[in-house]
Amino acid sequence: MHNGAKKSVSARTRRRLKDKVAIVVGAGRGIGEAIALRFAKEGARLVLAARTASELDTVAAQIRAGKSKALVHATDVTDRLQVNHLVEASLEAFGRIDVLVNAAGSYGPIGPLWEVDPEEWVKAFSVNVFSAFLLCRAVLPHMIRIRRGKIVHFSGGGATAPLPRFTAYGVSKGALVRLTETLAEEVREYNIQINAIAPGAVDTKLQDQVLAAGAKAGDLYHRMRRMRETGEGATPRDLPAELAVFLCSEDSRGLTGKLIAAPFDGWQSWNKHSIDEVMSQPWFTLRRLDPFTLKPLLEEILAKVASSEGVCR
């Protein structure tokens, strides 16, 4: 076998999260489950968290069958004491925390704002944003101490465009992205990277809420119904799981404070040069479209076009 082939095989078999200790929140089902299973294959030692212990036990059994380590910890991540206990148990079991993935999420009440239950609206905000605050607040002191860490949050389309009839979801996911961007700057000096993933339209149990809402969900009801019946527009859950591996491994070193769409952003081909380029511009962030934001982006695009035309000539 020649050297090129050896390198290719090595790249395919390299375990990118070998011996990393990762807390995965929302690991009992859907995208969180896919991430936990993928992390295990990449060599991570896992702490699985969610509210339902029976679902976590099922995922943990699959991980242990593959000879990987998994600790189950039923947790309500909107409760400060339970979050602190989760982190303490993780440290007691494994001695450190290298990675935090928060895949917990809720659509919240669905329908026109003036018709939804205020308490349910606040509850969704708590699940989608306050839980991330609590988890980061508990984990970061330990990451700062060892001067490294990776944190991944889950946002979505509601953060980047209006999503009528889903105000709790859209507002909270937008807030989560800004939390990601702001916190990334606060901990940059400690070699801690924090990013958010927009997973795409993954057909999980979360979509049951949309289908149950019927007409209250507006256009999204019809899109989700069509997706479930035909698969049209669906994103496989393994795609955001693979992006989570990339963001939590050394392959993404230096990439922080970004919102990356799993199905659309071409991250599979990113290398150090690509990451440096992404970090030098306001790409993949929440920004107002104005001359100050657009000018550097347009200048970069025009420079690339000019360079390309020069090569063609």
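We use all heavy atoms of the structure for the numbers below, so side chains are in, but hydrogens, waters and symmetry mates are not. What you see is a predicted model; the values in this text were computed from it and never measured.
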[Y] reachable from [X] in the ILVMFWY side-chain graph, under 4.5 Å edges:
{"X": "Leu259", "Y": "Val129", "value": "no"}
{"X": "Leu183", "Y": "Leu134", "value": "yes"}
{"X": "Val139", "Y": "Val83", "value": "yes"}
{"X": "Met224", "Y": "Leu239", "value": "no"}
{"X": "Leu140", "Y": "Leu135", "value": "yes"}

Within the structure provided, determine whether [X] and [Y] are in side-chain contact (heavy-atom separation under 4.5 Å).
{"X": "Leu46", "Y": "Ile63", "answer": "yes"}
{"X": "Val116", "Y": "Ile110", "answer": "no"}
{"X": "Val101", "Y": "Val25", "answer": "no"}
{"X": "Pro236", "Y": "Val202", "answer": "no"}
{"X": "Met143", "Y": "Ile97", "answer": "yes"}
{"X": "Asn195", "Y": "Phe284", "answer": "no"}
{"X": "Phe94", "Y": "Ile23", "answer": "no"}
{"X": "Asp219", "Y": "Arg165", "answer": "no"}

So, does [X] use its side chain to make a donor-acceptor pair with the main chain of [Y] at under 3.5 Å?
{"X": "Thr293", "Y": "Arg288", "result": "yes"}
{"X": "Asn102", "Y": "His153", "result": "no"}
{"X": "Ser126", "Y": "Val122", "result": "no"}
{"X": "Thr230", "Y": "Met227", "result": "no"}
{"X": "Thr75", "Y": "His73", "result": "yes"}
{"X": "Lys216", "Y": "Pro112", "result": "no"}

Using 4.0 Å as the upper bound for N to carboxylate O, is an ion pair formed by [Y] and [X]?
{"X": "Glu242", "Y": "Arg16", "answer": "yes"}
{"X": "Lys258", "Y": "Glu181", "answer": "no"}
{"X": "Arg228", "Y": "Asp208", "answer": "yes"}
{"X": "Asp98", "Y": "Arg96", "answer": "yes"}

What distance do [X] atom [atom1] and [Y] atom [atom2] have between them, rounded to the nearest 0.5 Å?
{"X": "Leu247", "Y": "Ile151", "atom1": "CG", "atom2": "CD1", "result": "12.5 Å"}
{"X": "Leu100", "Y": "Ile192", "atom1": "CG", "atom2": "CD1", "result": "11.0 Å"}
{"X": "Glu42", "Y": "Lys18", "atom1": "CD", "atom2": "NZ", "result": "11.5 Å"}
{"X": "Thr167", "Y": "Leu113", "atom1": "OG1", "atom2": "CG", "result": "4.5 Å"}
{"X": "Tyr221", "Y": "Leu211", "atom1": "OH", "atom2": "CG", "result": "6.5 Å"}
{"X": "Gln82", "Y": "Ser131", "atom1": "CD", "atom2": "OG", "result": "12.5 Å"}

Verdict with supporting geometry, Thr204 and Arg29, side chain to side chain contact (heavy atoms under 4.5 Å, CB included): CA-CA 8 Å; Thr204 66; Arg29 62 173 72 166; over 6 Å; no

side-chain contact (heavy atoms from CB on, under 4.5 Å) against Arg223, all qualifying residues, sequence neighbours excluded: Leu220, Arg226

Which side-chain N or O atoms in residues 261-268 pair as donor and acceptor under 3.5 Å with protein atoms at least two apart or in another chain?
unit_1 : atom_1 : unit_2 : atom_2 : d
Asp265 : OD2    : Ala261 : N      : 2.6
Trp267 : NE1    : Ala262 : O      : 2.9

[X], [atom1]: over 12 other non-hydrogen atoms inside 6.0 angstrom:
{"X": "Asp290", "atom1": "CG", "value": "yes"}
{"X": "Arg137", "atom1": "CZ", "value": "no"}
{"X": "Arg148", "atom1": "CZ", "value": "yes"}
{"X": "Arg80", "atom1": "CZ", "value": "no"}
{"X": "Glu92", "atom1": "CD", "value": "no"}

Under the ring pair (Phe, Tyr, Trp, His ring centres under 6.0 Å) test, residues paired with Phe130 that sit two or more places apart: Phe133

Verify whether one side chain among [X] and [Y] offers a donor that lies under 3.5 Å from an acceptor in the other.
{"X": "Ser252", "Y": "Lys150", "answer": "yes"}
{"X": "Arg225", "Y": "His222", "answer": "no"}
{"X": "Asn191", "Y": "Glu189", "answer": "no"}
{"X": "Asn271", "Y": "Ser274", "answer": "yes"}

From CA spacing to verdict: side chain to side chain contact (heavy atoms under 4.5 Å, CB included), Val21, Val99: CA-CA 6 Å; Val21 177; Val99 172; over 6 Å; no

Verdict with reasoning, Lys272 to Asp251, per salt bridge (charged side-chain N to carboxylate O under 4.0 Å, His left out): CA-CA 8 Å; Lys272 183 181 183 305; Asp251 290 351; over 6 Å; no

What heavy-atom pair brings [X] and [Y] nearest, and what distance separates the two atoms?
{"X": "Gly28", "Y": "Leu56", "value": "N-CD2, 3.6 Å"}
{"X": "Arg287", "Y": "Thr285", "value": "CG-OG1, 3.2 Å"}
{"X": "Asn128", "Y": "Gly105", "value": "OD1-CA, 3.2 Å"}
{"X": "Ala217", "Y": "Phe166", "value": "O-CE1, 3.6 Å"}
{"X": "Ala36", "Y": "Leu48", "value": "CB-CD2, 3.7 Å"}
{"X": "Ala74", "Y": "Arg51", "value": "CB-O, 4.0 Å"}

Val187/Ile194 under side chain to side chain contact (heavy atoms under 4.5 Å, CB included): CA gap, chis, key distance, verdict: CA-CA 9 Å; Val187 299; Ile194 307 178; 3.7 Å; yes

Working for side chain to side chain contact (heavy atoms under 4.5 Å, CB included), residues Val59 and Val72: CA-CA 9 Å; Val59 178; Val72 167; over 6 Å; no

Qualifying residue, where the test is ring pair (Phe, Tyr, Trp, His ring centres under 6.0 Å) with Tyr107 and the options are Tyr169, Trp121, Phe125: Tyr169

